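One structure is given here, and the rest of the page talks about it.
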Amino acid sequence: MSDLQASAPGRVNLIGEHTDYNGGFVLPMPIPQRTTVGLRRRSDGVVSVTSRELVGAARAYVLGTEAHDGSWLDYIKGCTAALRGAGHRIAGCDLTIQTDVPLGSGLSSSAALEVAVLRALRAANELELDDVALALLGQRAENELVGVPSGAMDQLASSLGAPCEALFIDLRSLAIQRVPLPPRLDVMVIGSEIKHALATGSYRIRRAECDEAARLLGVAQLRELGPGELDRVAGLPAPLDRRARHVITENERVLATVDALHRGDHAALGRIFAASHASMRDDFEITVPEIDELVALAVAQPEVIAARMTGGGFGGSIVVLAQGGNGPATAARIAAAYAVRTGLRAPALLAGRSA
Ligand code: GLA
C-alpha cells in the first residue's frame with residue numbers, strides 16, 4: 001500500500017519544434033495517457049523503484065549517490081538529485097510506477113515520469129514548489145543526470161496542461177497562455193513505428209548548431225531574431241543558415257497557429273502545418289521518409305485539416321487536426337494506407353480530442 005499517489009500526463013506538441021531551447025514559442029497540450037507514481041515513505045535514505053514497464057526488477061539507490069547508469073532509473077535519480085541540488089530536503093521512499101504513455105513515440109514519456117515523480121516527492125516531503133519550478137526541476141533532471149540537453153517544453157506541458165486546451169508558452173519569459181481548442185476539432189496522434197532515440201546525439205547536434213548560429217549572428221538565443229533578419233541568416237555557413245531559418249520561421253508559425261485556432265481558420269492551419277513539416281524536413285532535417293509518407297497520407301483524407309511531425313524527430317509520431325467526430329475511422333484509414341506503402345503499423349496513439 002502506498003502512502004500517496006501522484007500522476008502526470010504525456011504531451012503532444014501541436015507546433016513549435018526545436019524552438020524551446022532557443023527561447024522561442026511552443027504550443028503543446030497534454031494527452032490522456034499518464035504515468036502514476038505510488039510513494040511509500042522509508043526512514044532510511046534509500047529510494048527503491050518498482051515498475052513493470054520501465055525498470056523491470058526493483059532497483060534501488062541511496063540519496064546523494066545518484067549517478068548516470070543509462071537506464072530508466074536515471075530519470076528518477078535525476079529528480080532526486082535536482083531537488084537536493086535546489087536545496088530541498090527529501091527522505092527515502094519506495095516508488096511504484098505505472099505508465100500507459102507510449103515510450104519512444106515523441107509523446108514525452110520521460111517528462112510524464114519526471115513530473116509524476118516530482119509531484120509525489122513534493123507531496124511526501126511538503127516541499128514549497130510551484131508547478132513551473134517543478135517543471136524546471138524535471139528539465140534539470142533530464143539535462144544533468146540523463147544527459148539530454150532538452151528544452152523545458154515537455155515538463156511545462158506535463159506540469160501545467162489541462163484537458164482540451166493547448167498551452168502557448170514563451171520560453172524566454174515563461175509566460176503561458178491557455179488556448180482552448182475550437183469546437184468540433186479532433187487532435188489525433190499517429191505513431192510511425194520508427195523509434196526515435198533522443199539521447200543518441202542528433203538532438204544534441206541540432207542544439208549545438210543553433211547555439212553556434214546564434215553566436216555567429218551576435219545574439220544570445222535565436223529567439224532574438226525575427227523574419228526581418230532572414231537575409232542576414234542566409235549568409236551563415238551551411239547548414240547553420242537552414243537551422244536558424246527553421247527556428248525563426250517556426251516561431252512565426254506558432255504565433256500564426258494561435259491566431260488561426262482563435263479564428264477557427266482551418267485553411268490557415270493546413271498551410272501552417274504543411275510549412276512546419278517542410279521546414280523540419282528540408283531546413284532542420286529531422287524527419288525520416290516514413291514520417292513524410294505518413295503526413296502525406298494523412299492530409300490526403302478529406303476530413304483532415306492539417307498534419308505534421310510532432311516531437312524531437314528522427315521517427316516518432318505525427319499530429320493531425322481533423323473535422324471532429326470521426327477520429328478513430330480517419331486514423332484507421334491512414335494506418336491502412338501506411339501499411340500498404342511501408343509494411344509498418346501506424347498505431348493511433350490518440351484519436352479524438354485530447355482529454
Ligand atoms: C524533445 C525535447 C523538447 C523539444 C522537442 C522538440 O521533445 O524534450 O525539449 O526540444 O524535442 O520540439
Side-chain angles (χ1 to χ4, degrees), residues 8-31 35 74-75 78 101-115 132 135-161 166-172 174 189 191-192 194-211 214 221-223 243 246-251 253-254 257 273 276-277 279-281 283-288 291 308-319 349:
R11 65 98 187 92
V12 54
N13 189 22
L14 296 186
I15 195 161
E17 231 60 85
H18 288 261
T19 46
D20 61 351
Y21 55 79
N22 288 298
F25 304 122
V26 294
L27 193 64
M29 64 191 300
I31 57 174
T35 295
D74 284 346
Y75 293 94
V101 182
L103 307 181
S105 300
L107 296 176
S108 288
S109 49
S110 57
L113 175 60
E114 289 150 2
V115 172
V132 171
L136 297 179
L137 285 173
Q139 181 201 14
R140 183 167 166 186
E142 186 113 11
N143 291 171
E144 293 181 359
L145 209 123
V146 179
V148 180
S150 56
M153 164 172 73
D154 305 341
Q155 293 82 6
L156 286 167
S158 181
S159 182
L160 292 136
L167 291 178
F168 170 48
I169 310 174
D170 176 339
L171 268 297
R172 183 170 63 181
L174 291 180
V189 179
S192 67
I194 308 282
K195 292 280 177 199
H196 76 143
L198 256 193
T200 58
S202 308
Y203 185 94
R204 189 185 308 279
I205 292 168
R206 291 298 178 280
R207 182 163 186 167
E209 288 169 340
C210 289
D211 290 347
Q221 290 184 301
L222 289 178
R223 155 62 189 277
R243 305 294 189 254
H246 165 74
V247 173
I248 293 166
T249 57
E250 185 78 349
N251 277 330
R253 286 187 287 267
V254 177
T257 300
F273 273 41
S276 172
H277 190 82
S279 179
M280 291 189 288
R281 184 189 59 216
D283 279 354
F284 221 62
E285 295 179 279
I286 54 171
T287 74
V288 295
I291 283 275
R308 56 180 286 282
M309 186 191 78
T310 183
F314 310 100
S317 303
I318 68 166
V319 57
L349 306 171

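Owing to the predicted nature of the structure, the values given are computational and were not obtained by experimental measurement. All ligand and atom numbering here is 1-based and tracks the order in the structure.
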Inset, instruction - State the CD-CZ distance between E209 and R206, to the nearest 0.5 angstrom. - result: 5.0 Å
Legend entry - Separation between CZ of R172 and CD of Q221, rounded to the nearest 0.5 Å: 8.0 Å
Inset, instruction - Check each of I248, L171, N251 against T19 using the side-chain contact (heavy atoms from CB on, under 4.5 Å) test, and report the only one that passes. - result: N251
In terms of atom number and element, which parts of ligand 1 are under 4.0 angstrom from non-hydrogen atoms of [X]?
X	result
M153	4 (C), 5 (C), 12 (O)
D154	1 (C), 2 (C), 3 (C), 7 (O), 8 (O)
S150	2 (C), 8 (O), 9 (O)
Y203	1 (C), 2 (C), 3 (C), 4 (C), 9 (O), 10 (O), 11 (O)
D20	3 (C), 4 (C), 9 (O), 10 (O)
G312	6 (C), 11 (O)
R11	7 (O)
G151	9 (O)

Look only at the side chain of [X] and the backbone of [Y], and say whether a donor-acceptor pair between them is shorter than 3.5 Å.
X	Y	answer
D20	M153	yes
T310	S317	no
R204	G147	yes
R281	I286	no

So, is [X] polar-close to ligand 1, with some N/O to N/O distance under 3.5 Å?
X	result
N13	no
Y21	no
T19	no
G311	no
H18	yes

Legend entry - Heavy-atom gap R207 to ligand 1 smaller than 4.0 Å: no
Legend entry - Side-chain heavy atoms of H18 within contact of C210, under 4.5 Å: no
Legend entry - Between R253 and T249: side-chain donor-acceptor atoms closer than 3.5 Å: yes
